[in-house]
*Asks:* 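This is the structure I have questions about; it appears just below.
If you're wondering where the values come from, they're calculated on a predicted model, not measured in any experiment.
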Amino acid sequence: FRANPSHSDREFLADLFQDLARLPGMNELLDQNTNPLWQIGPTADGAKLVVDFFRAIDPESGEVRWEFAHEDADTRFLGDLYQDLSESARKRYALLQTPDFVESFILDRTLEPAIKEFGLENTTLIDPTCGSGHFLLGAFARLLSHWEQRGDNTTATVRVQRVLDAIAGVDVNPFAIAIARFRLLLAALRAANCHRLADAPDFHFNLAAGDSLLHGNRPGPLGQRLRSLFDEDIDQVYEVEDAPALRRILNRSYSAVVGNPPYITPKDKALNLAY
């Protein structure tokens with residue numbers, strides 16, 4: 001601020017995020033091509049509210065209220081924030097976090113049987129309506145636990161990336177994907193026993209903003225490929241959507257498919273008809 005007296009917290013955050021994007025594992029999170037932050041950034045007053053929120057002190061402990069460095073720090077509140085971001089967005093996307101017991105119930109009946117049927121090495125999972133990543137975090141923890149119980153000789157970093165390679169998520173809302181990516185990154189860092197971003201492995205994630213009903217070819221019966229509503233040759237994507245990532249994620253088969261899709265009727269007539 002001394003060097004740029006006319007700048008506000010908005011410019012401060014943008015400069016901070018550009019620096020963070022150079023660190024391992026952070027480029028995909030803060031990518032200027034797909035993260036909506038760079039298209040729809042906060043106002044100066046909004047940026048100040050963000051800074052004040054994350055610097056808030058817990059009056060009982062005297063420590064920062066939202067601390068991500070602790071091993072037991074829970075990122076579920078980020079899903080709550082996303083859910084309450086705006087009333088119009090909540091209605092449009094039917095935003096509602098999946099309760100823990102529902103997530104456990106569904107993974108017990110999808111991921112666990114898939115592991116038994118296909119084997120741990122060949123088990124993959126996708127949540128095509130992943131929201132802020134609740135199912136993905138649950139699947140990550142379970143798959144990692146299975147690999148650790150097996151007692152292989154690989155390093156923690158290799159095991160973590162192996163699990164990240166096995167799970168994928170897509171959501172129409174790019175803010176949801178950003179939150180899911182951040183939550184998975186924190187889970188990956190903790191699992192790899194890494195406490196500083198500067199020392200972190202360059203983890204990669206199978207996450208993309210887009211419409212799972214519209215993008216990607218589908219595996220069909222007898223080896224046929226079912227065309228999606230869009231030709232693969234035509235990049236019918238919004239600016240924050242990553243067409244190559246969507247094709248890579250949606251053009252393959254998975255051992256388990258989970259999700260809590262929005263129970264809404266699209267108001268757009270053309271989109272409704274396409275669905």
Side-chain angles (χ1 to χ4, degrees), residues 17 20-21 23-31 34-37 66-83 97-98 100 103-104 106-107 110-111 123-148 155-197 199-210 212 240-242 245-246 248-250 254-260:
F17 294 153
L20 285 172
L23 296 176
M26 294 296 287
N27 181 55
E28 293 182 15
L29 175 65
L30 296 169
D31 178 29
T34 55
N35 191 310
L37 163 73
W66 307 114
E67 174 58 71
F68 297 114
H70 294 315
E71 288 296 322
D72 57 349
D74 187 6
T75 57
R76 186 178 174 86
F77 84 94
L78 292 171
D80 294 329
L81 286 177
Y82 161 67
Q83 178 178 302
Q97 279 219 93
T98 304
D100 287 332
E103 174 242 308
S104 296
I106 290 177
L107 289 178
T110 52
L111 180 61
T123 296
T124 54
L125 174 142
I126 185 172
D127 183 348
T129 57
C130 69
S132 55
H134 203 46
F135 277 113
L136 300 180
L137 284 165
F140 174 85
R142 288 179 183 234
L143 287 170
L144 188 63
S145 176
H146 279 289
W147 278 111
E148 289 173 346
T155 65
T157 299
V158 171
R159 278 197 303 272
V160 168
Q161 186 60 63
R162 181 189 294 152
V163 173
L164 292 174
D165 289 340
I167 59 178
V170 175
D171 197 272
V172 294
N173 193 327
F175 290 107
I177 290 296
I179 295 171
R181 196 184 301 274
F182 177 68
R183 297 179 73 191
L184 270 177
L185 175 62
L186 282 184
L189 293 175
R190 289 171 186 157
N193 197 30
C194 181
H195 304 286
R196 286 173 50 84
L197 283 173
D199 304 326
D202 191 12
F203 289 125
H204 296 281
F205 307 86
N206 295 309
L207 294 167
S212 297
V240 293
E241 295 176 340
D242 186 342
L246 286 168
R248 175 172 51 81
I249 293 170
L250 294 172
Y254 291 87
S255 313
V257 181
V258 297
N260 190 11

*Asks:* Are any side-chain N or O atoms of Asp202 and backbone N or O atoms of Gly25, one a donor and one an acceptor, separated by less than 3.5 Å?
*Replies:* yes
*Asks:* At what distance, to the nearest 0.5 angstrom, does CD of Glu241 lie from CD1 of Ile177?
*Replies:*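 Going from CD on Glu241 over to CD1 on Ile177, the span is 10.0 Å.
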*Asks:* So do the side chains of Leu189 and Phe203 get within less than 4.5 Å of each other, counting heavy atoms only?
*Replies:*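 Yes, side chains in contact.
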*Asks:* Could you tell me if the side chain of Leu111 sits less than 4.5 Å from the side chain of Thr123, heavy atoms only?
*Replies:* yes
*Asks:* With distance as the sole criterion, is a donor-acceptor pair present between the side chains of His204 and Asn206 under 3.5 Å?
*Replies:* no
*Asks:* Shortest non-hydrogen contact from Ala192 to Thr157?
*Replies:* CB-OG1, 4.3 Å
*Asks:* Apply side-chain contact (heavy atoms from CB on, under 4.5 Å) to residues Ile249 and Ile126 and explain how you reach the verdict.
*Replies:* CA-CA 9 Å; Ile249 293 170; Ile126 185 172; 3.9 Å; yes
*Asks:* Please give me the minimum heavy-atom distance between Trp147 and Arg159, naming the atom from each residue.
*Replies:*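 Looking at all heavy atoms of both residues, the closest pair is CB-CD, 4.1 Å.
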*Asks:* Could you grab the distance from atom CZ of Phe175 to atom CG of Asn35, nearest 0.5 Å is fine?
*Replies:*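 Phe175 atom CZ to Asn35 atom CG measures 8.0 Å (nearest 0.5 Å).
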*Asks:* Between Asp199 (side chain only) and Cys194 (backbone N and O only), is there a donor and an acceptor less than 3.5 Å apart?
*Replies:* no
*Asks:* Look only at the side chain of Arg183 and the backbone of Ser132, and say whether a donor-acceptor pair between them is shorter than 3.5 Å.
*Replies:* yes
*Asks:* Asp31: which residues meet the salt bridge (Lys or Arg N to Asp or Glu O under 4.0 Å) condition with it, sequence neighbours left out?
*Replies:*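 Checked Asp31 against salt bridge (Lys or Arg N to Asp or Glu O under 4.0 Å); zero matches.
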*Asks:* So, applying side-chain hydrogen bond (donor to acceptor under 3.5 Å, both in side chains) with His134, which one of Asp127, Asp100, Asn260 is it?
*Replies:* Asp100
*Asks:* Roughly how far apart are Leu164 CG and Gln161 CD, rounded to 0.5 Å?
*Replies:* 5.0 Å
*Asks:* For the pair Ser255 (side chain) and Leu125 (backbone), establish whether a donor and an acceptor sit closer than 3.5 Å, ignoring hydrogens and angles.
*Replies:*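 No; judged by distance alone, with no hydrogens or angles, the pair does not exist.
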*Asks:* Closest heavy-atom contact between Phe140 and Ala188?
*Replies:* CZ-CA, 3.9 Å
*Asks:* Between atom CZ of Arg181 and atom CG of Leu136, what is the distance when rounded to the nearest 0.5 Å?
*Replies:*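 If I round to the nearest 0.5 Å, the distance is 11.0 Å.
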*Asks:* Within the structure provided, determine whether Leu250 and Ser212 are in side-chain contact (heavy-atom separation under 4.5 Å).
*Replies:* yes
*Asks:* Would you please test Asn193 and His195 for side-chain contact (heavy atoms from CB on, under 4.5 Å) and show each step?
*Replies:* CA-CA 7 Å; Asn193 197 30; His195 304 286; 3.2 Å; yes
*Asks:* What are the two closest heavy atoms between Ala200 and Pro24, and how far apart are they?
*Replies:* O-CB, 3.1 Å
*Asks:* Kindly indicate, with the supporting measurements, whether the criterion side-chain contact (heavy atoms from CB on, under 4.5 Å) is fulfilled by Glu28 and Leu207.
*Replies:* CA-CA 9 Å; Glu28 293 182 15; Leu207 294 167; over 6 Å; no
*Asks:* Quick one, Leu29 with Phe205, criterion side-chain contact (heavy atoms from CB on, under 4.5 Å). Give me CA distance, side-chain angles, the key distance, then yes/no.
*Replies:* CA-CA 10 Å; Leu29 175 65; Phe205 307 86; over 6 Å; no
*Asks:* Determine the minimum heavy-atom distance between Leu137 and Ala187, stating which atoms define it.
*Replies:* CD2-CB, 3.9 Å
*Asks:* If you look at every heavy atom in Ala191 and Leu144, which pair is closest and at what distance?
*Replies:* CB-CD2, 3.4 Å
*Asks:* For the CG atom of Asn27 and the CG atom of Leu20, what is their distance to the nearest 0.5 Å?
*Replies:* 11.5 Å
